Amino acid sequence: MVEVRRVLDAIGATLLTAVRVGADRAVRDVVIVEPGHEDEIRAGDLVLGVGVTVHAARELVAVAARSRAAAVLLKPPYATEPAVTKAAETGGVTLVEVRQQVSWAQLVWLLRSVLDAGDVYHTRDTGVFHDLFALADAVAAVVDAPVTIEDAHSRVLAYSARQDRADPARLSTIIGRRVPDDVLHQFRAKGVFRKLGKGTEPVFVPGQPDGTLPRLIVPIRAGEELLGSIWAIVPGPVPPGRAQAFADTAAVVALHLLRLRAQADIARRATSDRLRAVLEGGEAAPAAAEELGLREGPYRVVALEVHAGDAEGRRLALWESLSRHHGWRRPLVAELAGVLFAVVSERGGPAESGTWPWLRRVIADVAHDEPDLLVAAGGLAGTVAELPTSRAQAEEVLRLLAGGALRGPVVAYDDVWATLVLHRATGAVPLRELVSGGPLPVLLAHDAEHGTRYVETLRAWLERQGDPTAASRQLHIHPNTFRYRMKRLLEVTPIDLASPEVRLALSVQLAALRLHREDVVPGEQGG
């Protein structure tokens, strides 16, 4: 990650002035927060106060401080108002004044360039990214138009200067670091991505009625593989010679993207090794957590497993999907014993990558292509030291999911803790010993010999606390049929259902049969 002071130094004092320097926190993202939306601020954010008043600026700084934001950026005169500076000093947050003549859009581009050049694909060798941004400027000079370099999933890797000639769609693309869905749909409907996927020639897209400017797009290929594309905003059709020169730059960009991929693979392995150390605990865990930037909780460990087909290949595809297609820019994922474990934050909503609500939403999308995917989330880990416990809980839930004792595909420890307690308790002794006493062996043998369903009838009675209407509804039979079955099973073997101890013992035995899924031969149980 890039620290806030490094970002401010990179932009320079001609555009930004630090009014009050607070904690030098790592920068997570650049966010524009309008009044009334302060709850969107997250730890590490560079918060841009657009359209604020003095009161709103003070409140923005106060919320940013509580959220442990990296800095708040305001235009004159708000950054130097006493009430605002006092709020920054009280909260310990960095307060920055933006020069009046600097547009917010221009500032977003500058900040993004600093963050992207130092952090895209989460590698520490930033030279290749500086090269890629410089290459974007060179390509822009060739085509005489502002460009973006994007990967195969329409995620922005680098962009040139001169974006002041861009349109709102380009601005949204740079701010969001990927092409917005509505813009993607617009170009997909015109067959742009189909042409890019099959050919090597530039694709020209005329301007649109909504104000979207014309584009000249060239695919970036390595052999048959599409690595990405270069998008130039042009005033109109480009002369053939200039278009061909633009297309020729794709070969150079392809070499850079291949280098990026190699570095990303190395960085991913390093991240995986560190995360594995954190999840296993031990002496190396604190240092590994520090290197990963794991400081503030709460977290949750999530286990993801695919049980059918080429499991190893599909786990890798799932990893790639999370990190590239779904935009988790710093995926905390490691593989242990054939299972993928992800560490996610409990804070944040479904739109914020790397959070549990976001991962649940992504899994719902991925499940269409991975019907055999099982996902088990451990309990909350308030600190890094508690992550191994959350991992163990996730593993336990995953085993029950795989064994059919729980229904998925997504199950969280918080929702099934009672089942896990029963699983642990009933697993303390061999199943055959646990179910050998009392009336249950008699009912098991009777069901096996006569095809009756007395065991499931007894289970429904216990689960519904003796309510025949609710129990019959659970079994999808008429209440009178349920009452008849209860009468007959009590004739087969007497049961003192008025005794709390008898009901508890039977519930434990039935839970053991359901959770451990072991065949119990009725003839060996006695009775």
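Note that the structure is predicted; figures quoted are calculated from it, not measured. Just the heavy atoms: all of them, side chains too, but no hydrogens, waters or symmetry mates, feed the values below.
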Run the side-chain donor-acceptor check on residues 57-71: report pairs under 3.5 Å with partners two or more places apart or on a different chain.
from : atom 1 : to   : atom 2 : distance (Å)
S67  : OG     : V63  : O      : 3.0
R68  : NE     : E296 : OE2    : 2.3

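Summarising the geometry of A303 relative to V339, their closest heavy-atom pair is CB-CG1, 3.9 Å, with the distance given to 0.1 Å. T85 approaches A79 most closely through the heavy-atom pair CG2-O, 3.4 Å. Nearest heavy atom pair, residue L196 against residue R221, reads O-NH1, 2.9 Å. Across every non-hydrogen atom of A250 and P219, the tightest pair is CB-O, 3.4 Å. Residues A402 and L374 come closest through the heavy atom pair CA-CD1, 3.8 Å. Between G379 and Y413, the shortest heavy-atom distance links the atoms N-CB, 3.6 Å.
Distance CG/L157 to NE2/H256: 12.0 Å, rounded to 0.5 Å. Atoms OG and CZ, from S160 and F133 in turn, are 10.0 Å apart once rounded to the nearest 0.5 Å. For the atom pair H153 NE2 and L226 CG, the distance stands at 10.0 Å (nearest 0.5 Å). Taken from CG in L400 to CG in L422, the straight-line distance is 10.5 Å, to the nearest 0.5 Å. Considering CZ of R276 and CZ of F341, their distance stands at 11.0 Å, rounded to 0.5 Å. Remark: L15 CG to L8 CG distance equals 11.0 Å, nearest 0.5 Å.
For P168, there are no side chain to side chain contact (heavy atoms under 4.5 Å, CB included) partners, not counting sequence neighbours. By the side chain to side chain contact (heavy atoms under 4.5 Å, CB included) test, A247 is found to be paired with P202, V218, Q244, residues two or more places apart in sequence or in another chain being considered. Partners of R42 according to the salt bridge (charged side-chain N to carboxylate O under 4.0 Å, His left out) rule, which considers only residues two or more places apart in sequence or in another chain, are E352.
Under the 4.5 Å side-chain criterion, counting only non-hydrogen atoms from C-beta, I233 is not in contact with V147. Looking at L227 and E150, their side chains never come closer than 4.5 Å, going by heavy atoms from C-beta outward. Looking at I230 and I220, their side chains come closer than 4.5 Å, going by heavy atoms from C-beta outward. Looking at heavy atoms from C-beta onward, L111 lies in side-chain contact with L46 at the 4.5 angstrom threshold. The shortest side-chain heavy-atom distance between V302 and W356 falls under the 4.5 Å cut-off. Using a 4.5 Å heavy-atom cutoff, the side chains of V205 and L216 are not in contact. The closest side-chain heavy-atom distance from V47 to L73 is not below 4.5 Å. With contacts defined as side-chain heavy-atom distances shorter than 4.5 Å, the pair T355/V344 does not qualify.
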message = Is there a side-chain contact (heavy atoms from CB on, under 4.5 Å) between V156 and I149? Walk through the geometry before answering.
response = CA-CA 6 Å; V156 176; I149 299 174; over 6 Å; no
query = Can you list the steps and then say if T94 with R25 is a side chain to side chain donor-acceptor pair (under 3.5 Å)?
reply = CA-CA 9 Å; T94 296; R25 293 171 180 148; over 6 Å; no
task = Start with the C-alpha distance between L184 and S154, add both sets of side-chain angles, then the distance that settles side-chain contact (heavy atoms from CB on, under 4.5 Å), and finish with yes or no.
result = CA-CA 8 Å; L184 279 175; S154 299; 3.3 Å; yes
key: Stepwise side-chain contact (heavy atoms from CB on, under 4.5 Å) test for T419 and L406   = CA-CA 9 Å; T419 301; L406 295 173; 3.8 Å; yes
task = Applying salt bridge (charged side-chain N to carboxylate O under 4.0 Å, His left out), run through E291 and R274 and close with a yes or a no.
result = CA-CA 8 Å; E291 290 178 346; R274 295 186 185 106; 2.6 Å; yes
request  = Kindly indicate, with the supporting measurements, whether the criterion side-chain contact (heavy atoms from CB on, under 4.5 Å) is fulfilled by V411 and V375.
outcome  = CA-CA 6 Å; V411 176; V375 181; over 6 Å; no
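Between the side chain of D167 and the backbone N or O of T212 there is no donor-acceptor pair closer than 3.5 Å. Between the side chain of T90 and the main chain of A87, no donor-acceptor pair closer than 3.5 Å is present. Although no hydrogens or angles enter the test, the distance criterion places no donor-acceptor pair under 3.5 Å between the side chain of R28 and the main chain of A26. A donor-acceptor pair under 3.5 Å is formed between the side chain of S390 and the backbone N or O of V301.
Contacts classified as salt bridge (charged side-chain N to carboxylate O under 4.0 Å, His left out) and involving residues 189-203 (residues at least two apart or in different chains) are not found. Listed by first then second residue, pairs satisfying salt bridge (charged side-chain N to carboxylate O under 4.0 Å, His left out) with a partner in residues 413-422 read R300-D414, not counting sequence neighbours.
Other residues, nucleotides and ligands place more than 12 heavy atoms under 6.0 Å from the CD atom of E346. Within 6.0 Å of the CG atom in D182, the count of heavy atoms belonging to other residues, nucleotides or ligands exceeds 12.
Relative orientation of the H516 and H423 rings is parallel, given thresholds of 30° and 60° on the angle between their planes.
Checked against a 6.0 Å centroid threshold, the rings of F187 and W231 count as neighbours.
With respect to R399 and E395, no salt bridge is recorded, no charged nitrogen being found less than 4.0 Å from a carboxylate O. A salt bridge links E396 to R424: at least one charged side-chain nitrogen sits closer than 4.0 Å to a carboxylate oxygen. With respect to the salt-bridge test (charged N to carboxylate O, under 4.0 angstrom), the residues D181 and R188 do not qualify.
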